[in-house]
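For the numbers below, each heavy atom of this structure counts, side chains included, while hydrogens, waters and symmetry mates do not.
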Amino acid sequence: MPNKVIIIDYGSQVTQLIARRIREAGVYSEIHACTVTADEVRAMHPQAIVLSGGPASVGEEDAPKLDAGLLELGVPVLGICYGMQVLTATLGGELAQSTTREYGPAELEILEQTPLWDTVPATSRVWMSHGDRVIKVPHGFKVTARTQTLDIAAMACEERRIYAVQFHPEVHHTEEGSKMLANFLFRVAGLEPDWTMSSFVERTVAEMKEKVGDKHVICALSGGIDSTVVAVLLNRAIGQNLHCIFVNNGLLRAGEVEEVKSLLGDTIGINLTVVDARSRFLDKLAGVEDPEKKRKIIGHTFIDIFDEEAKKITQVDYLAQGTLYPDVIESVSSKGPSAVIKSHHNVGGLPETMKLQLIEPLRELFKDEVRKVAKELGLPDSIVWRQPFPGPGLAIRVLGEVTEDRLQILRAADSIVQEELKASGWYRKVWQGFAVLLPLKTVGVMGDGRTYEHVIALRVVDSVDAMTADWSRLPHDLVAKISGRIINEVNGVNRVVYDVSSKPPSTIEWE
């Protein structure tokens, strides 16, 4: 196993960023709720601990606490923002509640050199977000930095290898933040950067081979990067004992079925079953306009088909899913695990009668790490850089009733959007770009004649995690080219509009 850093989450909105920055430095990290005990953390065998920020005030009655036993595990500790304040309170220092919350940039001035500041300039910009402040450090600590508004912006007890900062080194706005975190990992904790996607692939294949043995695994393929990477990893581990099922629901983009069959079936040699269920899905969607009804019909129909196909395979023991780390840590909060974990998986709500054990090879990874694994596995860029695609497919981009004719119009328009985004280099710059077929027609003039035809909306957004998004400022010439091609090449379309709404208040998808 690689080195491991445990992050104790006190509810900060940027706790995930701490984990990402540590992993970017080449060290594996995990996030756990602040309700975790020292004994539980000891059993995880960490090489270092980070205490995150959080919105609470340490003096509040129900404020999250620190299990003091974490400081007795003999590993370095770094407290960030609330992490610094809860360290101070636990170890006998003093805090004061600020009359106003400090949020934004500040100039950090280093007062005492420590390994945390190695090669960090004497002054640099940092990012603050706090209400309380430390006014007296605990016994054995020294003040190591200040700002214009804070006499104690950082502190350290080098004997115990406990460090704390009032600002957020994990955010981009802290100029030297990555260097500070790297110093904690390598100079203070003495770790080696052994978290690579190459080592992940090697370890995961070995673990899957040992866990599954000669048993059989079933995997639902969507054509997206997550399920594809799961399938390729398991194929390396267990070969023909992996059974992949790809359901063609008739709601896919142009060429997707052929791409999946060619890459996974023919080139890689995965044991693949392609189920042609186009008419079955379209029959069930006939006359349905409500988007939620569409989603439920598609989900239930997929489950029925998958269950039918699974029963044709004898001796299946495991179900493989493309669960990612953000899905896992949705159960982490400053008050402990949530009651419900949101499902992001392609196979949600499968019949309990299947009684399969879950295998989730990607549950340790963030999305960008999955892309790196895909490259490590030699998958083509069309898979590595594939933009997110909704589970219900084009059904929620055909607004109103889903028919084969309307799907053909949208498919043709969307193909042009994909082609032009890729040709211009914008495909990798944006989070998502796609076409939407609107449930209305407009008057137009084509070839000196009056037309009354469909409208296509272009939806292109910038985002990091799809939780929020802003519309992409594509070059006008590119928008004009996409629009011109759609109107000229797609029969039945005479108008193209561009969606300039952000999320919130709008959503990325229209339905």
Is the side chain of Thr174 donor-acceptor paired with the backbone N or O of Glu176 at a distance under 3.5 Å, no angle test?
-> no

Would you mind checking if Glu207 and Arg203 are paired as a salt bridge, meaning a charged N to carboxylate O distance below 4.0 Å?
-> yes

Contacts of Pro193 that satisfy side-chain contact (heavy atoms from CB on, under 4.5 Å) - sequence neighbours left out = Phe186

The single option from Arg295, Arg459, Arg397 passing salt bridge (Lys or Arg N to Asp or Glu O under 4.0 Å) against Glu509 = Arg397

Parallel, tilted or perpendicular: ring planes of Phe200 versus Trp195, cut at 30 and 60 degrees = perpendicular

Side-chain (Gln432) to main-chain (Val461) donor-acceptor, under 3.5 angstrom | no

Could you tell me whether a side-chain N or O of Lys65 sits under 3.5 Å from a main-chain N or O of Ala63, the two making a donor and an acceptor?
-> yes

Do the charged groups of Glu24 and Arg21 touch, with an N to O distance under 4.0 Å?
-> yes

Taking side chain as C-beta onward, heavy atoms only, is Val230 less than 4.5 Å from Gln321?
-> no

Looking at Ser124 and Met180, what are the two nearest heavy atoms and their distance?
-> OG-CE, 4.4 Å

Hey, are the side chains of Leu66 and Leu71 touching, using non-hydrogen atoms and a 4.5 Å cut-off?
-> yes

Side-chain donor or acceptor of Asn271 paired with backbone N/O of His243 under 3.5 Å | no

Atom pair CG/CE of Asp39 and Met44 - distance to nearest 0.5 Å | 11.0 Å

Say whether, by atom type as modelled, one donor and one acceptor occur between the side chain of Gln387 and the main chain of Tyr427 under 3.5 angstrom.
-> yes

Hey, does Asn183 have a side-chain heavy atom less than 4.5 Å from the side chain of Thr114?
-> no

For the residue pair Lys4 and Gln47, establish whether any side-chain heavy-atom pair is separated by less than 4.5 Å.
-> yes

Within 6.0 angstrom of Gln240 CD, more than 12 heavy atoms from elsewhere | yes

Can you see which heavy atom on Ala220 is nearest to which on Phe302, and at what distance?
-> CB-CZ, 3.8 Å

Checking Thr90 side chain against Val86 main chain: does a donor-acceptor pair fall under 3.5 Å?
-> yes

Taking the side chain as every heavy atom from C-beta outward, state whether Thr204 and Val373 have any pair of such atoms under 4.5 Å apart.
-> no

Heavy atoms of His216 and Asp214 approach each other most closely as CD2-O, 3.9 Å

Is the backbone of Ser29 close enough, under 3.5 Å, to the side chain of Arg23 for a donor and an acceptor to pair up by distance?
-> yes

Should the pair Tyr82 and Tyr10 be assigned to parallel (<30°), tilted (30 to 60°) or perpendicular (>60°) ring geometry?
-> tilted

Residues pairing under salt bridge (Lys or Arg N to Asp or Glu O under 4.0 Å) where one sits in residues 417-430, two or more places apart or in two chains, turn out to be Asp381-Arg428, Glu419-Arg485, Glu420-Lys481, Glu420-Arg485

Taking atom NZ of Lys375 as the centre, does the number of heavy atoms from other residues, nucleotides or ligands within less than 6.0 Å exceed 12?
-> no

Quick one: closest heavy-atom pair of Ala154 and Val165, and the distance?
-> CB-CG1, 4.0 Å

For Gln418 and Arg253, work out which heavy atoms get closest and say how close.
-> NE2-NH2, 3.4 Å

Least distance between heavy atoms, Trp471 atom then Asp462 atom | O-OD2, 4.2 Å

For residues 146-156, pull every pair meeting salt bridge (Lys or Arg N to Asp or Glu O under 4.0 Å), keeping only residues two or more places apart or in separate chains.
-> Glu109-Arg146

